[in-house]
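What follows is one structure encoded as structure tokens, with my remarks underneath.
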Protein chains: 2
Amino acid sequence: MARTKLQLPSTRRSLPIALMRSREKVMAPIRDMLRASGLTEQQWRVLRILSEFGPQDLTEIARQACLLMPSLSRIIRSLAQNGLVIRASDTKDRRRQTVVISPAGQHLIDDNLVQATQIAANYRNQLGAERYELLLDLLTELEQGPPYPVKCA
Amino acid sequence: MARTKLQLPSTRRSLPIALMRSREKVMAPIRDMLRASGLTEQQWRVLRILSEFGPQDLTEIARQACLLMPSLSRIIRSLAQNGLVIRASDTKDRRRQTVVISPAGQHLIDDNLVQATQIAANYRNQLGAERYELLLDLLTELEQGPPYPVKCA
DNA sequence: AGATTTTAGGTAACATGTTAACTAAATGGA
DNA sequence: TCCATTTAGTTAACATGTTACCTAAAATCT
């Protein structure tokens with residue numbers, strides 16, 4: 001057990017604020033890219049999940065995209081209205097519905113994935129591959145640590 | 001220049017998502033603490049800034065708390081209605097207004113700061129002091145890097 | 001001084017975050 | 001079988017995030 005001095009944490013050098021600011025920085029160019037397609041960051045995340053892992057029910061999408069169910073419920077409704085996803089009710093469990101990405105939705109993904117990949121690669125280069133991987137490891141360790149129940153695995 | 005293979009990034013091992021998830025994890029116990037005081041995470045951040053750095057105008061608070069002006073405008077209005085901050089218009093520049101934390105606001109800070117400090121120390125211990133500092137350094141480097149104009153310094 | 005530009009702050013409109021409450025369907029006993 | 005519990009998803013209400021637009025005051029230029 002390391003010694004804990006309990007010094008008052010300044011709002012500078014605050015982990016939550018640092019996480020927020022770096023995320024803002026990383027997402028800025030991606031948001032700019034998506035605006036041209038009329039997609040929000042969260043809608044993009046949902047489409048990417050559906051494209052990468054195939055049809056899923058809402059609960060599973062929420063877990064993977066790190067969204068709360070009320071938000072996802074609205075997002076799926078909007079995406080369905082715009083023809084980017086299709087809902088199908090499950091025959092075995094009539095509470096559940098499976099969401100599938102539509103051809104139009106997949107087209108949006110295809111249009112933007114190359115540029116998104118390039119943006120991600122830029123940040124990787126900025127830190128260097130080793131430090132980038134180290135950062136991801138530290139974040140994962142922080143997220144999976146003990147103190148609290150995980151909200152979005 | 002490191003080689004850039006441009007491999008398709010999975011939504012697993014995505015930096016933006018990792019940043020979001022770890023922030024959720026870190027903030028969860030703090031939000032739980034604040035709920036007892038009827039404060040949101042953002043209101044808490046504004047009060048802490050005012051408590052730590054003294055009276056400031058809205059633009060400066062927004063910069064320090066990493067909030068956009070429209071959000072801050074609403075938050076300050078709400079805090080003022082609840083008597084936690086006081087607005088005073090600047091005599092030199094009549095566009096500007098200086099915000100001061102009230103005794104009631106400072107009381108809320110005092111009530112929660114010890115526990116907040118303990119929560120922060122827990123995460124520091126979880127990673128270990130060196131890895132914790134390393135994480136903060138990497139996040140700072142990511143935020144201050146070249147690609148895009150900084151939104152909240 | 002007078003016109004233009006910049007800055008501080010606000011409002012509007014829409015999307016998401018967050019908690020609580022709710023419905024319907026499935027599940028697990030007694 | 002009947003009842004209690006759990007689970008999938010929705011809705012409501014309020015706060016914030018985000019972009020666009022707006023006003024007034026200051027700063028700048030000529």
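Chain identifiers are assigned alphabetically (A, B, ...) following the order of the sequence lines, protein sequences preceding nucleic acid strands; residue numbering begins at 1 within each chain. All values derive from a computational prediction rather than experimental measurement.
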From B:R21, B:K25, B:R131, residue fulfilling salt bridge (Lys or Arg N to Asp or Glu O under 4.0 Å) relative to A:E141: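 It is B:R131; the other options fail the test.
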I'd like to check the side chain to side chain contact (heavy atoms under 4.5 Å, CB included) partners of [X]; sequence neighbours left out, ordered by chain and number.
X: B:D57; answer: B:T59, B:E60, B:R96
X: B:A104; answer: B:L84, B:S102
X: B:R13; answer: A:E133, A:L136, A:D137, A:T140
X: B:S14; answer: B:P16, B:I17

Transitive ILVMFWY cluster of A:V100, excluding itself - 4.5 Å side-chain cut-off: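 Noted: A:V100 shares its cluster with no other residue.
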Side-chain cluster (under 4.5 Å, hydrophobic types only) that A:F53 belongs to, other residues: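 Result for A:F53 is A:I49.
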To the nearest Å, give me how far apart [atom1] ([X]) and [atom2] ([N]) are.
X: B:R77; N: C:dG9; atom1: CZ; atom2: C1'; result: 12 Å
X: A:D57; N: D:dT7; atom1: CG; atom2: P; result: 14 Å
X: A:L39; N: D:dT18; atom1: CG; atom2: P; result: 16 Å
X: A:R63; N: D:dG9; atom1: CZ; atom2: C1'; result: 17 Å
X: B:Q56; N: C:dA8; atom1: CD; atom2: P; result: 14 Å
X: B:I61; N: C:dG9; atom1: CD1; atom2: C1'; result: 12 Å

Taking N or O atoms only and anything under 3.5 Å, show me the protein contacts with nucleotides 14-17 of chain D, one pair per line.
{"unit_1": "D:dT16", "atom_1": "OP1", "unit_2": "B:T40", "atom_2": "OG1", "d": "3.1"}
{"unit_1": "D:dT16", "atom_1": "O3'", "unit_2": "B:Q42", "atom_2": "NE2", "d": "2.9"}
{"unit_1": "D:dG17", "atom_1": "OP2", "unit_2": "B:S71", "atom_2": "OG", "d": "2.9"}
{"unit_1": "D:dG17", "atom_1": "N7", "unit_2": "B:R74", "atom_2": "NH2", "d": "2.7"}
{"unit_1": "D:dG17", "atom_1": "O6", "unit_2": "B:R74", "atom_2": "NH1", "d": "3.1"}

A:S73 side chain near D:dG9 phosphate (N/O to OP1/OP2, under 4.0 Å):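 No.
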Nucleic acid contacts - residues 79-90 of chain A versus DNA chain D, non-hydrogen atoms under 4.0 Å: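 Close to the strand are A:R87.
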Contact list for residues 79-92 of chain A, test side chain to side chain donor-acceptor pair (under 3.5 Å), sequence neighbours left out: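 Listed by first then second residue: A:R87-A:Q97.
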Sugar-phosphate only, base, or nothing, as touched by B:Q97 at under 4.0 Å among non-hydrogen atoms: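 Sugar-phosphate contact only.
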Pairing residues for B:R94 by the side-chain hydrogen bond (donor to acceptor under 3.5 Å, both in side chains) criterion, not counting sequence neighbours: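 B:R94 satisfies side-chain hydrogen bond (donor to acceptor under 3.5 Å, both in side chains) with no residue once adjacent residues are dropped.
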Test side-chain hydrogen bond (donor to acceptor under 3.5 Å, both in side chains) applied to B:S73 - qualifying residues, sequence neighbours left out: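 Scan of B:S73 (side-chain hydrogen bond (donor to acceptor under 3.5 Å, both in side chains), adjacent residues dropped) gives none.
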Protein proximity profile, nucleotides 20-29 of chain D - base contact B, sugar-phosphate-only contact S, no contact -, cut-off 4.0 Å on heavy atoms: B----BS---
Any donor-acceptor pair under 3.5 Å from B:S10 side chain to B:R12 backbone: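 It does hold such a pair.
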